[in-house]
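All remarks here apply to the structure that follows.
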Amino acid sequence: MTAQPQLHAPTFDYIDSGPPPDNSVAELMAGLSGPRKRVSPKYFYDERGSELFEQITEQPEYYPTRTERSILRQHCGDIARRLGRRQLLLEPGAGSCEKVRLLLDSLQPAAYVPMDISGEFLCQSAQRLTEEYPWLPVTALRADFTRMPALPRALPPAPRCLFYPGSTLGNFTPAEARRFLCHAARLTGPGGQLLLGIDLHKDHDVLHAAYNDAAGVTAAFNLNLLNHLNRLLDGEFDPGAFRHVAGYHRGRRRIEMYLESRHAQHVRCGGRTVQFRRGERILTEYSCKYTRHSFSRLARQAGLAITGHWQDDAGLFAVFALAGC
Ligand code: AVI
């Protein structure tokens with residue numbers, strides 16, 4: 001029997017841009033030593049934290065994930081018409097490469113470049129995607145996008161579009177978000193475009209409930225950060241000695257999430273002792289919410305303009321297309 005030629009040979013590449021320099025101990029201890037203690041939200045995502053985040057997205061109060069999915073599902077044709085087909089599609093923080101599946105059939109990208117800091121997980125998800133979409137060339141890139149990596153040279157010479165769903169941009173301060181957008185605009189180059197999912201400013205109670213779900217999953221996600229710190233810092237944080245606090249700051253239009261010390265305590269970590277007063281807080285996350293107007297202002301500051309806008313009927317969440325202006 002002769003072998004049948006493969007009509008669509010999947011092309012898959014994995015490029016490891018090298019481990020990011022590990023300065024986590026110094027970064028964490030600096031954050032815990034100042035007068036206003038803070039830890040970057042990237043430390044939420046150890047294995048347990050990633051599982052808990054998946055569970056958050058399934059909570060009835062947490063509307064962003066399901067709303068964004070339904071916007072992408074409903075408007076993928078229009079989004080493709082606006083962006084154009086046969087783009088080189090880049091996705092920082094792609095992880096499981098799940099959301100992009102909602103766009104692939106409509107967008108028909110020339111190639112897809114998912115990027116993530118967790119190389120093994122990325123490699124497995126990108127390989128699975130290649131099996132499901134044999135026509136799609138995939139180059140998975142292990143890189144920390146917040147460190148502004150360069151792209152590999154050997155990518156198809158197609159116009160570039162950067163996909164950044166999930167309102168992850170909201171976890172940056174406005175200054176960080178501007179820097180991220182500027183870097184994204186540089187990577188996509190002249191004629192490049194961005195497609196971003198952004199959580200919108202809304203009724204305070206809806207926002208409050210989304211970060212204080214009744215099942216306590218967001219609280220567990222926040223408190224699990226202390227277990228992660230214990231491993232990274234050889235520390236002795238007792239999650240039971242802290243409580244989850246999340247509230248919406250109307251003036252700053254952002255959820256602020258904290259871990260609050262239930263009583264005065266000393267905690268050994270990173271070879272030092274960190275003191276907490278009763279009620280003292282560690283800032284663990286901002287989740288900024290935008291209006292169409294405030295997002296357009298942020299985009300303009302990064303030299304970008306909104307070229308497309310899709311949202312759900314209740315105005316909870318929006319997907320924006322951006323291009324250089
Ligand atoms: C990942 N990020 C967009 C989530 C958010 O809504 O800001 C993280 C999260 N924190 C608590 N719940 C969800």
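Start at 1 and go down the list; that is how both ligands and their atoms are numbered. FYI, the numbering just counts along the sequence from 1.
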| said: I'd like to know if R66 and E58 make a salt bridge, using a cut-off of under 4.0 Å between side-chain N and carboxylate O. | reply: no

| note | Quick note on ligand 1: atoms under 4.0 Å from a heavy atom of Y45 include exactly 1 (C), 8 (C)

| said: Give me the nearest non-hydrogen protein atom to atom 12 (N) of ligand 1 as residue plus atom name, then the distance to 0.1 Å. | reply: Y211 CE2, 3.5 Å

| message | What I want to check is whether the side chains of Y248 and K202 have a donor and an acceptor closer together than 3.5 Å. | response | no

| field | Test: E51 and R48 ion pair at under 4.0 Å | value | yes

| field | Atom indices of ligand 1, in the order listed, that fall short of 4.0 Å to a heavy atom of G166 | value | 3 (C)

| task | Can you spot which of R82, H75, R292 makes a side chain to side chain donor-acceptor pair (under 3.5 Å) with H309? | result | R292

| What residue among L89, V113, L107 forms side chain to side chain contact (heavy atoms under 4.5 Å, CB included) with F163? | L89

| field | Protein contact to atom 10 (N) of ligand 1 [nearest heavy atom, distance to 0.1 Å] | value | E285 OE1, 2.6 Å

| said: Just to check, does S167 reach to within less than 4.0 Å of ligand 1 when the distance is taken from its heavy atoms? | reply: yes

| task | Within a distance under 4.0 Å of any heavy atom of S287, pick out the atoms of ligand 1 and give their elements. | result | 5 (C), 6 (O), 7 (O)

| Other than Y258, what residues sit in its cluster of Ile, Leu, Val, Met, Phe, Trp and Tyr side chains whose heavy atoms are under 4.5 Å apart, directly or through others? | V245, L283, Y286

| query | Is ligand 1 under 4.0 Å from a heavy atom in the side chain of F53, in the backbone, in both, or in neither? | reply | side chain

| message | Heavy atoms only: which of Y63, Y62, F221 lies closest to atom 13 (C) of ligand 1? | response | Y62

| task | Tell me which one of L207, N171, N222, T284 gets a heavy atom nearest to atom 3 (C) of ligand 1. | result | N171

| query | Backbone or side chain, does any N or O of K289 fall under 3.5 Å from an N or O of ligand 1? | reply | no

| message | Can you tell whether the side chains of D116 and R142 come within less than 4.0 Å, N to carboxylate O? | response | no

